[in-house]
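A short write-up of the structure that comes next.
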Amino acid sequence: MTAIRMVSSVLLLVLMQSGALCARRFRGGRNPQPRRPPPPPTYRADRGDTTESFPLDFTAVEENMDNFMTQVKNLAQSLYPCSAQKLDYDMKLNFLENTSVTCNDGSPAGYYLKESRGSRRWLIFLEGGWYCFNKENCDSRYETMRRLMSSSKWPQTRTGTGILSPLPEENPHWWNANMVFIPYCSSDVWSGAAAKTEQSKRLPNPYNQDSYLSLKKVSLLQFCFFFVFCSDGYAFMGSLIIQEVVKDLLSKGLENAKVLLLAGSSAGGTGVLLNVDRVSELLEGLGHTGIQVRGLSDSGWFLDNKQYHCTDCVDTVSCTPTETIKRGIKYWGGVVPEKCRQTHEGEEWNCFFGYRVFPSIKSPVFVVQWLFDEAQLTVDNIQLTGQPVQEGQWRYIQNLGIELRNTLKDVPAMFAPACLSHEVITRSYWTDIQVKGTSLPRALHCWDRSLHDSRNNKAPPKACPVHLIDSCPWPHCNPTCPTIRDQFTGQEMNVIQFLMHMGFDVQKMAQQQGMDPSKLLGMLSSGS
């Protein structure tokens with residue numbers, strides 16, 4: 001509390017000073033008094049900019065930020081007459097210094113950055129967006145979703161939402177972190193290490209001893225495919241992009257970080273599982289042993305189960321998950337965590353599935369996963385639009401929830417609502433979803449506290465859960481689930497309408513539960 005009062009006093013003085021300056025600026029000052037010129041701004045020699053710096057260190061109060069920052073915001077609004085001026089919350093585009101690491105089409109890879117001076121916490125987010133695994137479907141992806149394969153039309157700025165938001169009311173625990181968004185332009189689930197065809201001639205000769213030594217830290221799988229699978233004109237360098245972004249950020253403040261959270265959604269969520277230890281090892285190898293590296297995987301915990309209907313393997317939607325990854329890992333020159341690779345030698349594709357790779361991960365990882373993930377159901381050939389779901393499909397969906405719940409039971413930190421959805425941590429409604437009365441931001445805050453306390457040999461915080469999973473058996477039995485919309489009409493559906501569309505037989509279910517149908521309907525309406 002002493003630290004909070006200290007920071008409050010400093011902020012109050014700064015705000016009052018700023019308010020006085022603004023008041024003088026906007027008062028009718030036809031004959032302003034001459035003033036001494038202000039002192040020169042503080043320069044950051046390592047960055048070459050001329051931004052004035054107020055290096056406040058918020059680390060001491062970061063464990064008590066939730067209510068504190070709401071008070072500070074209200075204080076700022078009441079004391080700061082210039083508050084009408086728009087604050088710059090956007091993340092700005094930076095291209096990698098290492099220009100040999102590229103997007104699929106050879107255009108430069110990069111990242112968006114919003115610095116938060118005074119904070120020693122960094123959040124690096126990996127974007128999702130499926131993948132492609134051969135020339136035909138990569139060509140199709142390039143024609144229809146070029147922004148996921150090229151940086152040629154990336155905007156200069158991006159506005160963060162959800163856990164990337166700089167607003168305390170939308171992002172109560174991580175709003176003050178340094179935010180980094182890495183666009184997905186490698187189509188390889190952030191695993192690839194294969195250069196573009198025309199670049200391959202510049203790669204080391206694998207039969208030259210000196211060149212071989214320069215690649216000694218590259219996994220055998222990556223090395224074998226470096227020269228065989230040069231991707232038919234595409235580069236697949238997702239794993240290398242992450243490494244280069246981290247290197248670039250070291251000169252922009254990451255070297256002084258206390259915590260680095262590698263987060264991602266969908267393919268980016270799987271990318272977290274594949275890369276979090278590699279990031280930790282990279283920083284350790286560069287001498288930055290004091291940075292605590294953690295992972296947050298959202299909607300990237302897929303199952304390698306059998307499809308409801310088997311179809312010919314044509315694209316990422318029609319193929320079984322195992323078949324696409326088996327083909328993709330060869331095509332991309334995919335890199336997987338070394339311990340997992342050793343466990344599944346010859347079948348490294350296993351490491352793309354959360355429950356198989358998780359036991360090999362050393363870094364702390366928090367898993368966020370819908371029990372009825374829309375992307376999983378899509379690749380399992382369950383169609384949720386058009387005609388009502390048949391009984392066999394309904395059973396398949398319920399079994400999917402059971403299987404997923406079983407794979408998560410040994411994950412220490414996770415948040416798994418019984419909802420039909422996909423991705424959540426960058427959604428504006430991410431604070432509204434709850435499991436057993438606890439919201440996702442609260443669960444993440446509890447997780448941070450538990451890691452902090454364990455490092456300091458303290459007992460874990462009471463009434464602060466980190467292992468949260470719904471036990472109800474069907475999609476959207478949790479009343480805080482996101483709104484469902486009919487994909488044809490765009491209209492919202494309530495729980496009962498949705499379950500009827502899914503083929504849910506209220507009379508039959510009530511009979512099985514030994515209760516009156518009207519009582520069951522009431523329970524469904526309230527989400528019980």
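Residue numbers count from 1 along this sequence. Please read these numbers as outputs of a predicted model, since none were measured by experiment.
Every side chain to side chain contact (heavy atoms under 4.5 Å, CB included) that Leu282 has, sequence neighbours left out, goes to Gln243, Val246, Lys247, Leu286. Qualifying side chain to side chain contact (heavy atoms under 4.5 Å, CB included) partners for Ser150, counting only residues two or more places apart in sequence or in other chains: Asp105, Ser107, Tyr142, Arg146, Ser152. Asn305 pairs by the side chain to side chain donor-acceptor pair (under 3.5 Å) definition with Gln376, Asp380, Tyr396, not counting sequence neighbours. Considering only residues two or more places apart in sequence or on other chains, Ser297 meets the side chain to side chain donor-acceptor pair (under 3.5 Å) condition with none of them. Scanning for ring-ring contact (aromatic ring centres under 6.0 Å, His included) contacts around Tyr111 gives an empty result, with sequence neighbours left out. Applying the ring-ring contact (aromatic ring centres under 6.0 Å, His included) criterion to Trp190, with sequence neighbours excluded, gives Tyr184. Residues passing the side chain to side chain contact (heavy atoms under 4.5 Å, CB included) test with Thr438 are Arg442, Ala443, Pro465, Leu468, sequence neighbours excluded. Judged as a salt bridge (Lys or Arg N to Asp or Glu O under 4.0 Å), and not counting sequence neighbours, the contacts of Glu127 are Arg147. Remark: Gln398 pairs with Trp394 by the side chain to side chain donor-acceptor pair (under 3.5 Å) rule, at least two apart or across chains. With sequence neighbours excluded, the residues satisfying side chain to side chain contact (heavy atoms under 4.5 Å, CB included) with Asp304 are Thr322, Trp349, Asn350, Phe353, Tyr355, Arg356. Evaluation of the ring-ring contact (aromatic ring centres under 6.0 Å, His included) rule for Phe358 yields Trp301 as partners, not counting sequence neighbours. In this view, Phe302 satisfies the ring-ring contact (aromatic ring centres under 6.0 Å, His included) rule with no residue, not counting sequence neighbours.
Ionic pairing of Glu338 and Arg341 is present here: one or more N-O contacts between side-chain nitrogen and carboxylate oxygen are shorter than 4.0 angstrom.
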